[in-house]
Amino acid sequence: MDPIIRVSNLSFQYDDEDASKILDDISFQCEKGEYVSLIGKNGSGKSTIAKLIDGLLAPQTGTIKINDIGLSSHENDREMRKSIGLVFQNPDDQFVGATVASDVAFGLENRAVPREIMKSKVKVALKRVGMWDFRNEMPSSLSGGQKQRVAIAGAIVLDPQILILDEATSMLDPLATKQIHEVVNKLNQKQNMTILSITHDINVTAKSDRILALNDSKIIFDGKPSVFFQKHELIANMDLELPFSEKLRQKFIDTGYDISDRYMDDEEISQWISKLF
Amino acid sequence: MDKQIILKNVDFIYQPDLPSEKQALTNVSLEIENGEFMAIVGKTGSGKSTLVQMINGLLKPTLGEVTVGDIKINNQTNNHNLSELRQKVGMIFQFPEKQLFEDTVLKDVAFGPLNFGDDEPTANTKAIKALSIVGVSKKLYDRSPFELSGGQMRRVAIAGTIACEPQILILDEPTVGLDPNGKNEILKIIHQLNEKGVTIIMVTHDMDVVAQNANRVVVMNKGRVSSDSTPRELFANPELIANNSLALPDSVQIYYDLVHDGIQLSQIPLTANEVVEQITQKRSGVK
Ligand SMILES: Nc1ncnc2c1ncn2[C@@H]1O[C@H](COP(=O)(O)OP(=O)(O)OP(=O)(O)O)[C@@H](O)[C@H]1O
Ligand SMILES: Nc1ncnc2c1ncn2[C@@H]1O[C@H](COP(=O)(O)OP(=O)(O)OP(=O)(O)O)[C@@H](O)[C@H]1O
Ligand SMILES: [Mg+2]
Ligand SMILES: [Mg+2]
């Protein structure tokens with residue numbers, strides 16, 4: 001089967017005069033229903049990739065295909081973007097409606113969805129993110145985390161085939177973060193929604209199918225999280241941090257303990273500790 | 001000891017007397033001493049950002065009073081009287097875009113020092129120093145602050161505040177959007193400022209940051225202070241954690257996993273180091 005996202009030999013720069021490319025001849029693909037984490041340091045080009053895939057920016061060279069249809073011809077753009085839901089890094093960049101409910105309804109209105117269906121979809125989406133009680137408030141009068149939740153509702157209400165989350169839960173409290181991740185996981189597993197998640201939270205990437213790591217305009221890793229976490233040198237070069245359990249495993253090794261040489265998550269490491277006694 | 005900041009029975013209502021009015025703080029009383037490193041945590045919408053904006057006079061109490069040094073703020077306070085306060089209290093907003101406005105990065109960071117009376121060369125020197133501390137490369141100095149990545153914007157906003165050398169530094173989720181290395185660097189800078197006597201008040205959802213940095217943590221719940229303790233005391237109270245949508249830091253989670261397996265460590269570990277230390281200690285006791 002064809003991949004749902006196919007990026008081929010893509011190069012991009014914001015300023016044509018500036019010699020430095022943000023993205024330099026990158027290629028990758030995502031299969032339908034995959035959950036992919038996109039990581040990299042500040043300024044490495046993650047949000048730029050998100051906007052390119054969503055058609056908000058156009059590449060200088062290379063192609064992006066969604067469901068095997070090219071993004072470059074403008075005819076197709078609008079059609080294509082229907083299949084993509086993008087949650088921006090800053091939720092304020094996304095709000096258009098006067099109230100929370102009308103904001104979430106905006107995308108549906110644009111697609112001329114009948115009013116009754118629209119209403120029920122908005123309700124479902126706002127309930128999923130725990131913001132139904134705020135439906136009549138102005139987006140500008142919400143707290144940071146409340147804004148992020150509404151922004152997520154605005155994307156999932158469209159039932160996109162591809163959901164791109166650009167640090168979409170960075171301001172949520174721990175419980176809300178967990179709840180939103182459960183919502184996303186469910187969309188991924190039950191509806192086979194393809195997820196492209198941009199995050200600095202290494203623990204979140206651990207649960208994805210695949211990690212794409214961006215550094216110095218190139219993709220320098222494309223593979224399973226458990227494989228990535230063992231590449232300590234690569235991680236250090238990327239200014240990344242190891243997950244807590246991996247740091248702890250390293251501390252045990254440094255202190256002279258005889259511990260497995262492969263990656264373990266928190267639970268596995270607790271079990272290993274228990275056996276010491 | 002000197003109480004540097006006192007909030008006394010503070011209430012705050014957004015849009016009072018309108019149908020949309022909303023009470024964001026209810027009867028909040030807090031005393032903060034010089035040189036503390038205080039974290040503020042709590043569910044989204046619990047009033048954290050509102051609370052910290054009381055301390056630099058950006059919002060004024062609807063009822064009650066806030067005292068910072070010898071400056072008093074209540075609902076009668078005139079904005080003109082607050083410039084001394086703004087110099088004393090530096091604030092990094094939850095959304096960095098909110099505090100960026102100049103047409104270049106360098107000008108943006110130099111704005112504060114200039115505004116507080118430095119001449120241009122001094123202001124520029126301070127700005128360059130602050131920018132290099134937070135890891136913003138020279139290549140970005142002449143760029144518009146709005147043509148930056150999210151993490152770069154955050155760094156510029158932080159630089160703009162520390163360039164003003166405030167005595168009290170308020171940070172509203174300062175590590176959001178920073179890459180892990182940037183996060184560690186910024187936390188290190190905050191620590192260094194704290195060691196030099198700067199009072200730190202940090203809003204965060206990151207329990208590892210709380211465990212590893214703060215000496216005091218206040219939990220907000222529906223506009224009220226629901227707990228005020230050391231991080232170790234907070235994490236010793238799983239019920240309080242659950243009731244406030246919080247989580248345990250990884251090190252503490254491991255502590256409880258071990259308790260579940262019948263292994264009791266002497267103290268709740270706040271870092272990976274402490275975990276290894278305590279296990280080693282416990283094992284030598286076992287032998
Ligand atoms: N509008 C713009 N004009 C010019 N340069 C830009 C613009 N937006 C971003 N850049 C630059 O492009 C590079 C990539 O930015 P991008 O926002 O994609 O990074 P990112 O990986 O999302 O970083 P972060 O983790 O900080 O959000 C950065 O160096 C940034 O300074
Ligand atoms: N400008 C405003 N007008 C009206 N209500 C507001 C405004 N700003 C915040 N509120 C409301 O006040 C309450 C407290 O908001 P605040 O921003 O202080 O929360 P917070 O604890 O910082 O949350 P978060 O963790 O999501 O940033 C929320 O219910 C919010 O909806
Ligand atoms: Mg970004
Ligand atoms: Mg807030």
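The sequence lines fix the lettering, A, B, ..., with proteins before strands; numbering per chain opens at 1.
Between the side chains of Ser208(A) and Ser37(A), at least one donor N or O lies within less than 3.5 Å of an accepting N or O. Glu246(A) and His232(A) are linked by a side-chain donor-acceptor pair at a separation below 3.5 angstrom, with hydrogens and angles left out of the test.
Counting heavy-atom pairs closer than 4.5 Å to chain A, the top-ranked of the candidates Asp261(B), Asp172(B), Val275(B), Val276(B) is Val276(B). With chain A as the partner, the residue from Ala247(B), Gly177(B), Ser20(B), Gly45(B) showing the most heavy-atom pairs under 4.5 Å is Gly177(B). Of the listed residues Asn203(A), Leu175(A), Asn42(A), the one with more heavy-atom pairs under 4.5 angstrom with chain B than any other is Asn42(A). When each of Leu246(B), Asp257(B), Ile279(B) is checked for heavy-atom pairs under 4.5 Å with chain A, Ile279(B) comes out on top. In terms of non-hydrogen atom pairs under 4.5 Å with chain A, the most contact-rich of Met207(B), Lys48(B), Lys183(B), Lys43(B) is Lys43(B). Counting heavy-atom pairs under 4.5 Å between each of Met171(A), Gln271(A), Lys247(A) and chain B puts Met171(A) at the top.
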Name every donor-acceptor pair, under 3.5 Å, that has one atom in a side chain of residues 233-240 of chain A and the other anywhere in the protein, sequence neighbours excluded.
residue	atom	partner	partner atom	Å
Asp239(A)	OD2	Asn181(B)	ND2	3.4

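Screening Val210(B), Leu187(B), Val41(B) against Met202(B) for a side-chain contact (heavy atoms from CB on, under 4.5 Å) leaves a single residue, Leu187(B).
Interface residue Gln94(B): backbone and side-chain heavy atoms are both found under 4.5 Å from chain A. Contact annotation for Gln250(A): neither backbone nor side-chain heavy atoms come within less than 4.5 Å of a heavy atom of chain B. For chain A, the nearby parts of Thr280(B) are the backbone and the side chain; heavy atoms of each come within less than 4.5 Å. Looking at Phe134(A), the atoms closer than 4.5 Å to chain B (heavy atoms on both sides) all sit in the side chain, from C-beta outward. Using a 4.5 Å cut-off between heavy atoms, Lys139(B) does not touch chain A at all. For chain A, the nearby parts of Asn273(B) are the backbone and the side chain; heavy atoms of each come within less than 4.5 Å. Heavy-atom distances place both the backbone and the side chain of Leu178(B) under 4.5 Å from chain A. Interface remark: Ser170(A) contributes backbone and side-chain atoms alike to the contact with chain B (heavy atom separation under 4.5 Å). For chain B, the nearby part of Ile269(A) is the side chain; its heavy atoms alone come within less than 4.5 Å.
Residues of residues 248-256 of chain B placed with any heavy atom under 4.5 Å of a heavy atom in chain A are listed by number as Asp250(B), Ser251(B), Ile254(B). Contacts between residues 146-158 of chain B and chain A, defined by a heavy-atom separation under 4.5 Å, are made by Ser149(B), Gly150(B), Gly151(B), Gln152(B), Arg154(B), Arg155(B).
Residues Phe12(B) and Gln23(B) form no side-chain contact, since every pair of their non-hydrogen atoms from C-beta on lies 4.5 Å or further apart. Between Tyr141(B) and Val109(B) there is no side-chain heavy-atom pair separated by less than 4.5 Å. Residues Ser141(A) and Lys22(B) form no side-chain contact, since every pair of their non-hydrogen atoms from C-beta on lies 4.5 Å or further apart. In this structure the side chain of Arg149(A) reaches within 4.5 angstrom of the side chain of Thr44(B), judged on heavy atoms. Leu171(B) places a side-chain heavy atom less than 4.5 Å from the side chain of Ile190(B). Considering only heavy atoms from C-beta on, Leu196(A) comes within 4.5 Å of Leu38(A) through its side chain. Here the side chains of Asn215(A) and Phe221(A) are not in contact, with every heavy-atom distance at 4.5 Å or above.
Gln53(B) places no side-chain N or O within 3.5 Å of a backbone atom of Leu58(B) that could act as its donor or acceptor partner. Without hydrogens or angle criteria, Gln99(B) side chain to Phe93(B) main chain gives a donor-acceptor distance under 3.5 Å.
In this structure, the side-chain hydrogen bond (donor to acceptor under 3.5 Å, both in side chains) partners of Asp92(A), at least two apart in sequence or on a different chain, are Lys147(A).
Taking 4.0 Å as the cut-off between side-chain N and carboxylate O, Arg232(B) and Glu274(B) count as a salt-bridged pair. In summary, Asp222(A) and Arg210(A) engage in a salt bridge, as defined by a charged side-chain N under 4.0 Å from a carboxylate O.
Aromatic ring orientation, Trp272(A) versus Tyr257(A): perpendicular (interplanar angle above 60°, classes split at 30° and 60°).
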